[in-house]
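Atoms within each ligand, like the ligands themselves, are counted from 1 in listed order.
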Amino acid sequence: MRIGILTGGGDCPGLNAVIRGAVRKSLLLGYEVYGLRNGWKGLLEKDYYILDHKAISGILHRGGTILGSSRTNLYQEGKNYYAEAIQNYKELGLDALIAIGGEDTLGVAAKLYKDGLNIIGVPKTIDNDLNATDYTFGFDTAVNIATEAIDRLHTTAESHNRVIVVEVMGRHAGWIALHSGLAGGADITLIPEKPFKLDEVCNVLIKRHGRGKSFSIVVIAEGAKIHTEDGTDKDGSFILQKLEKDAFGHVSLGGIGNIVSDEIERRTGYETRAVVLGHIQRGGTPTAFDRVLGSRFGVKAAELIEKEEFGKMTSLQGSHIVSVSLDDAVGTLKTVDDEIYKTAETFFG
Ligand code: F6P
């Protein structure tokens, strides 16, 4: 048996733990493993190297991915990349392929499975917005990094009697914002699922300062939506970093925190600063939770190949690692539920 493994989309702490888990189990099963470089691009270009014990040694605690990543979309309109990829899979003599990725990478995986390839998916994203799994790996690390940043910003905000707006990642879902906001004691948290009016945000801060507080922390997800006076919702993408879209049609987010910060200062008179955490949340060493989850996902992925359960994704449900259909994972996104939002709201103001 010869299997391939690749990592696609934005990198994520814990990717190397998954690769190590999948390779170690595969070697025990007697499989040969090809590591495809840079996501789906590696399959398109037949760019791979052999993953043996030596290749995966010393990587468990390392951030990033030893395989590299890209946002190559094999089903991009107007191209026939997927046909080339299917041909290459055959030419490389692959019997199965493990794709580690988020919504986009696994969307391609689900289509390739329908087109006849033996695919297994592993759910990755710091955003935690993939359906059919309680958690994706990488999320816990991102939340811990954001929480530590909020703790640090708290002390400087207090010293200077300032409002600090902390922008975290979260394109479609506010999981990182909500969890780090809860853990870091945010005074208000703004997420894509709950469009907000700037006046309402200011009123929360004014009320809090009326109780004698001289500083505040606002946590905002990069994809948060501002509900404007004319009744429409503007999402964070109106502050584009770059105009061009990636191969999956996504714009580059980042900057809504600065807009909100300026507006808070203008409307309340409180001195306000913005901090955009950006890719700091994706880099560096994974938490123990993500290393364990990643290792368990990796081992499970190889086991699914052994059982020939293709078209499936590894999933955490409760405390168990199970398999679910790739289709269930990629159909819709897992956005923040009302229960956790209501809990966070208790601490607003
Ligand atoms: O998908 C994970 C993510 O970190 C999003 O939260 C963010 O919008 C995006 O990736 C950033 O992508 P890039 O690294 O391409 O700028």
Between Lys342 and Glu345, is there a side-chain N and carboxylate O pair less than 4.0 Å apart? no

How long is the span from the OG1 atom in Thr189 to the CD1 atom in Ile220, to the nearest 0.5 Å? 10.0 Å

Ligand 1 atoms in contact with His279 (distance to a heavy atom under 4.0 Å): 13 (P), 14 (O), 16 (O)

Using 4.0 Å as the upper bound for N to carboxylate O, is an ion pair formed by Asp290 and Lys124? no

If the cut-off is 4.0 Å to any non-hydrogen atom of Gly170, which atoms of ligand 1 fall inside it? 6 (O)

Please work out which of Arg71, Lys124, Gln281 has its closest non-hydrogen atom nearest to atom 9 (C) of ligand 1. Arg71

Glu222-ligand 1 polar pair, N/O distance under 3.5 Å: yes

Within the structure provided, determine whether Ile164 and His154 are in side-chain contact (heavy-atom separation under 4.5 Å). no

Going by the closest heavy atom to atom 5 (C) of ligand 1, which one wins out of Asp129, Asn128, Asp127? Asp127

Measure centre to centre between the rings of His209 and Tyr270, then say whether the value is under 6.0 Å. yes

Out of Arg282, Arg171, Glu103, who is nearest to atom 3 (C) of ligand 1 when you count heavy atoms only? Arg282

For the pair Tyr48 and Tyr34, name the ring-plane relationship: parallel under 30°, tilted 30 to 60°, perpendicular over 60°. parallel

Number the atoms of ligand 1 from 1 as they appear, then name those within less than 4.0 Å of a heavy atom of Met169, with their elements. 4 (O), 6 (O)

Close approach, Leu253 and ligand 1, non-hydrogen under 4.0 angstrom: no

